[in-house]
There are 2 protein chains.
Amino acid sequence: MSKFDEIMKKSGYSKATVSRVINHSPHVSDEARQKITDIMKQLNYIPNRNAVSLSTGQTKQIGIVTSATNEIILTFMNQFIDTAMDFGFQTLIYTSRGDKEIELQAFEDLRSKRVDGLVIMTCVNHPDKLKAYCEYGPIVSWQRMGNDEIPSVAMDQAQGYRLALEHLVSKGYTRIANAFGRAESLNTQSRREAYESFMVDNGLPVLREAYQYSIFSSSDGEEAMRRMASGSDLPQAVLCSNDYAAIGIWSEARKQNIRVPEQLAIVGFDDIELSRVLGITTIHNPIAEQATQAFHRLWAVLGKQELQAQQLEFQLIERSTT
Amino acid sequence: MSKFDEIMKKSGYSKATVSRVINHSPHVSDEARQKITDIMKQLNYIPNRNAVSLSTGQTKQIGIVTSATNEIILTFMNQFIDTAMDFGFQTLIYTSRGDKEIELQAFEDLRSKRVDGLVIMTCVNHPDKLKAYCEYGPIVSWQRMGNDEIPSVAMDQAQGYRLALEHLVSKGYTRIANAFGRAESLNTQSRREAYESFMVDNGLPVLREAYQYSIFSSSDGEEAMRRMASGSDLPQAVLCSNDYAAIGIWSEARKQNIRVPEQLAIVGFDDIELSRVLGITTIHNPIAEQATQAFHRLWAVLGKQELQAQQLEFQLIERSTT
DNA sequence: TTGTACGCGTTATCAC
DNA sequence: GTGATAACGCGTACAA
């Protein structure tokens, strides 16, 4: 016999009344509430969440889909977990490590009602394949998916990139190289377009031959720096896909006795804690706020209640690498 | 009508047989299996996990309890999530931010059968309070809890610390300072004792007045360095609670024009990726292996099957700060 | 305010 | 091999 049944019997009340007390329904006499509450405490009762979930059809769990975790993803996750908790939701992490099958598991979990909703940080499956899952629950993406079915909380990358470009040019740097992330990503495309149009508009050289792609980690940054150093002429500045890449470039530059920023200015992206410590100039990315917005988007569906969203913006943080 | 019922009706078989096919029971005729499988595919069927969990009493979910997340915790979490997935388990993250009530939520979730087991990374509630939850499911801790009810996968901190001390002494550094973590933690105690006995055994000075506590982040490290620099005489070397602290100290030392390692040697702890990039000498901590062991401990209970555990050891990684 | 009856979707224990 | 039937623990119309 379950504790629920015990409470029923001991209190003399019915299932429904016990359930009402558990869920703080106002339509219960003080006497009943008191009696049942006492017995609940005495029995150290706590509802079985599986039973609740089965009955209500809601698990109060939300999944975050990512291929890997770094400080950026982490900042997002932490804020998301916090916000979700304020609304009574818990968060599951799905790390796919780039495996399509594993990633799909998260979406299947939406179908099988293990989670009520999903947030996509990174995604290796084709957007079209994911459309089929939209009917099973709300899905929101961090980056743009190039897919209108799945809304995103992505920001205008071009705005951030222009901030960096304006800063560099105002400091007198004109030969500007780029260490991009994933070549095909919409983020990279936006940034590249921002760069090219900005340089053209200002009559500055577009260093296409200096484009480097897939520069994510500090190790990637090191290699990128080595390639730059081995080239015929060093650019005056380099814009990085993120701060890790910037730190790698900065570190390797030091080893090669290239003075920063005199010989090479470096601008990171995202503004992680270490770039503050190491003094890397960067573009502040309001990650936490995006996480909050991501949950609010889900809540709009789950709670059937729209929350107003504020417009977020990037911000230049000038430190000692420019 | 649920899809399960649809399958029943369309196939003409009973609940039980359908369930057998779903769970790959061998006691089903090929004909029945074929027919039911076809209909399942046709209906795009997937079992409702809440119903399964309610019926079996297992959620196949495990919670990780932590107060915050950094690269170390992350390394552990990632490996744990991976290992757990290999065994068909999913992982929930409970970040308490040091709030006892929030942390307790994780343990209540064990009680309410939302998770089958729990891993404690850090814990702010008193160990005695947690003992009460052991009856609801397996709990394993990363660090030692000072509580025999809750097993841990903690390593011998003293062994790792001695590695660093031997290395420093062999390099000729004898005036060695310490930047510890949480003063009351068992880890810190072990390390401090290792330091004191090692120094005494080797006839070297024990710099008690140079003990610094609560040095966790790179910011903490910066401040620790400033305090050291403002003191009467600089130690020759400093042992850090982790690599973040080491990086902070290293960075601030550079700003103060203190040459590393000539004027000050620095040894980190844990061996995160950045200490490789920045060239910080450190003690490699086999975090991922500890995560695997943590899951195996839980699996010993959940799967009723013991897995052998190998003895793990710290390792010195010499780089350019010593 | 309270109780009845049914539903949630699946597993498990028996029989046959 | 297959099929009733009873759990699993709780929510919720609807009626009283």
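What you are looking at is a predicted structure, and each value in this text was computed from that prediction instead of being measured. Here is the naming used below: chain letters follow the sequence lines, and residue numbers restart at 1 for every chain.
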Go through it in stages, so that I can follow the logic: the residues are A:E108 and A:R111, the test is salt bridge (charged side-chain N to carboxylate O under 4.0 Å, His left out), and I'd like the CA-CA distance, side-chain angles, deciding distance and then a yes or no. CA-CA 5 Å; A:E108 288 297 316; A:R111 215 152 78 81; 3.2 Å; yes
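- The separation between A:R49 atom CZ and D:dG11 atom C1' is 15 Å, rounded to whole Å.
- Salt-bridge formation is detected for the pair B:R97/A:D82: a Lys NZ or Arg NE/NH1/NH2 atom is positioned less than 4.0 Å from an Asp or Glu carboxylate oxygen.
- In this structure, the CD1 atom of B:I46 is 14 Å from the P atom of C:dG9, given to the nearest Å.
- Ring planes of B:F89 and B:W299: perpendicular class, angle over 60° (limits at 30 and 60°).
- Rounded to whole Å, atom P of D:dG1 lies 18 Å from atom NZ of B:K35.
- Between B:R49 and A:D109, at least one side-chain nitrogen of the basic residue sits less than 4.0 Å from a carboxylate oxygen of the acidic one, meeting the salt-bridge criterion.
- Listed by residue number, A:G12, A:Y13, A:S14, A:K15, A:A16, A:T17, A:R20, A:H27, A:V28, A:S29 are the residues of residues 4-31 of chain A with a heavy-atom contact under 4.0 Å to DNA chain C.
- Per the geometry, NZ belonging to B:K3 stands 16 Å off C1' belonging to C:dC8, to the nearest Å.
- Between the CD atom of A:Q58 and the C1' atom of D:dG11 there is a distance of 13 Å, rounded to whole Å.
- Counting to the nearest Å, the C1' atom of D:dC8 and the CG atom of A:N48 are 8 Å from each other.
- Checking A:N78 against B:T69 by side-chain atom types alone, a donor-acceptor pair falls below 3.5 Å.
- Proximity of A:F76 to A:I72: side-chain heavy atoms (C-beta onward) are nowhere separated by under 4.5 Å.
- Relative ring orientation between B:F80 and B:F295 is described as perpendicular, the plane-to-plane angle rising above 60° on a 0-90° scale split at 30° and 60°.
- Rounded to a whole Å, the CZ atom of A:R114 is 17 Å from the P atom of C:dG9.
- A side-chain donor from one of A:Q34 and A:D38 sits under 3.5 Å from a side-chain acceptor of the other.
- Between C:dT10, D:dC10, C:dG9, one nucleotide has an atom nearer to the side chain of A:S55 than all others, and that is D:dC10.
- There is no side-chain donor-acceptor pair under 3.5 Å between B:Q79 and B:Q290.
- For the helix from C:dT1-D:dA16 to C:dC16-D:dG1, the axis fitted to the five pairs at one end and the axis fitted to the five pairs at the other end meet at an angle of 30° (nearest 10 degrees).
- Comparing C:dT2, D:dC10, C:dC8 against the side chain of A:L54 picks out C:dC8 as the nearest.
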